[in-house]
Structures are given as C-alpha cells and as structure tokens.
K.L.:
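Structure in structure tokens, see below.
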Amino acid sequence: MSSNSTFTHLFSVALPVICTLLGVLVTSWLGWFNSHQAAILADKQACILRVDSQEKEIRLKAGDFLSAYGEIASYLTVADKLTSSGMQKATSPLFKAGFEMIAFSPTALSNSTALLLNALRATIIDNIEGTLSKERDENLEVLFGRWSENYGAYLASLSQQRDACR
C-alpha cells in the first residue's frame, strides 16, 4: 500500500472520531452552560420571592398596626369619658398588632414600634386618669414620625435587596 493511500485511510477513520469527540465536547459544554444558567435564574427568582414575601408580610403587619392605631386615635379624639375596661377592649387589637410588628420587624423598626406602644400606653393611662399632657402628645407625634421613617427605610432596604437579587 502506498503511503498516500495509508494516509487517506487513516484520515477517513480519524476524521469521524475527531468530529464525534468534538460534538460530544460541544454538547456537554452546552448542557453544562444551560444548567448553570438555569441554576442562576432559579437562584435569582428564589431571592426575589423571599424579598417579596418579607415585604408582603411587613405590609400586612403594618396595615394591621396602623389600622388599630387609627381606631385608638379616633377613639381618644371623640370619647367623652374613658374607662379602663373600655380602653382595654379598644386597645387590645393595637397592642396585639404592635407586638406582632415587634416580633417580625428588623431591629430599628422593632425598637420604634416598642417605643411608640409604650408612649401610647402612657397616653391612654393619662386619658383614663384625666391627666392629659401636651408633652406626651408631642412625644407621641415624634415617635410616630420616627416609626414612619423606620418603616419607610425598611421598605427601601427590601427594594435594594430585590435589586441585588437581579
């Protein structure tokens, strides 16, 4: 056999083997790449869902808290005579919602909620005893403002966390 026909025979055998190996390598790499991209996308989606869940939960807790706070503010504004039993019944939803906020919130918002609840408790006691204090009302406004700022800051941090997921 001539050297030219040996080379042709070797080439005709090696070329399909090399092409098959290249095909397997490319297919394997594309499979890995697709799996890697799918894992990255799943991780991003899970991160966004986690942040969305936290935001939904805090908004629900804050909604309950603010609703109960509004009822007490309204009650304190229009009630002629406050009694301990009436106030206990009226404030129960407020303190329940407030303590749920404390349990679920990050530290700054949790502390603001606790301070606001404590100030509300003191204001309610003053109203029952008939010892209204302008300083208490002003303190309550400051604490509510601080609570609102901390709540807004927490929502903004959730938005930043969501952006970091992408």
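Everything quoted here is computed from the prediction, not taken from an experiment.
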K.L.:
In terms of hydrophobic clustering (I, L, V, M, F, W, Y; side-chain heavy atoms under 4.5 Å; direct or indirect links), are Trp32 and Val26 co-clustered?
P.N.:
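Result: yes, single cluster for both.
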K.L.:
If you measure from OG on Ser112 to OH on Tyr151, what distance do you get to the nearest 0.5 Å?
P.N.:
13.5 Å
K.L.:
What closest approach, in Å, do Lys44 and Cys165 show between heavy atoms, and which atom pair accounts for it?
P.N.:
CG-O, 3.1 Å
K.L.:
Would you say Ile125 and Ile72 are hydrophobically clustered, going by side-chain heavy atoms of ILVMFWY under 4.5 Å?
P.N.:
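Per the 4.5 Å side-chain linkage, Ile125 and Ile72 are not co-clustered.
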K.L.:
Would you say that Ile124 contacts Arg121 through its side chain, given a criterion of any heavy-atom pair below 4.5 Å between the two side chains?
P.N.:
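Not touching, per the 4.5 Å side-chain cut-off.
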K.L.:
Nearest heavy-atom pair of Glu57 and Phe104: which atoms, and what distance?
P.N.:
CG-CZ, 3.1 Å
K.L.:
What are the two closest heavy atoms between Leu117 and Phe99, and how far apart are they?
P.N.:
CD1-N, 4.0 Å
K.L.:
Measure the CD-CG distance between Gln160 and Leu158 for me, rounded to the nearest 0.5 Å.
P.N.:
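Answer rounded to 0.5 Å: 9.5 Å.
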K.L.:
If you compare all heavy atoms of Ser105 against all heavy atoms of Ser110, which two are closest, and at what distance to 0.1 Å?
P.N.:
CB-N, 3.7 Å
K.L.:
Could you tell me whether the side chain of Ile48 reaches within less than 4.5 Å of the side chain of Arg166, counting heavy atoms only?
P.N.:
yes
K.L.:
How long is the straight-line distance from CG of Leu155 back to OG of Ser159, given to the nearest 0.5 Å?
P.N.:
9.0 Å
K.L.:
Distance check, rounded to the nearest 0.5 Å: Leu109 atom CG versus Ser148 atom OG?
P.N.:
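The CG atom of Leu109 sits 9.5 Å away from the OG atom of Ser148.
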K.L.:
Quick one: closest heavy-atom pair of Gly98 and Thr113, and the distance?
P.N.:
O-CG2, 3.4 Å
K.L.:
From the options Arg162, Gln161, Arg50, select the one residue that forms a side-chain hydrogen bond (donor to acceptor under 3.5 Å, both in side chains) with Glu55.
P.N.:
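So, applying the side-chain hydrogen bond (donor to acceptor under 3.5 Å, both in side chains) to Glu55 and each of Arg162, Gln161, Arg50, only Arg162 qualifies.
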K.L.:
With ring centroids as reference points, do Trp147 and Tyr69 lie under 6.0 angstrom apart?
P.N.:
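No, ring centres 6.0 Å or more apart.
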K.L.:
Where the side chain of Ser35 meets the backbone of Gly31, is there a donor-acceptor pair that is under 3.5 Å apart?
P.N.:
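It does hold such a pair.
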K.L.:
I need the Met101 CE to Leu116 CG distance, nearest 0.5 Å.
P.N.:
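It comes to 10.0 Å.
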K.L.:
Any side-chain heavy-atom pair from Phe144 and Glu149 closer than 4.5 angstrom?
P.N.:
no
K.L.:
Taking all non-hydrogen atoms of both residues, which atom of Ala108 and which atom of Asn150 are closest, and how far apart?
P.N.:
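So the two residues come closest at O-ND2, 3.5 Å.
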K.L.:
With rounding to the nearest 0.5 angstrom, report the CG to CG distance, Leu120 to Asn139.
P.N.:
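Going from the CG atom of Leu120 to the CG atom of Asn139 covers 10.0 Å.
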K.L.:
If you count the non-hydrogen atoms of other residues, nucleotides and ligands that lie under 6.0 Å from CD in Gln37, is the total more than 12?
P.N.:
yes
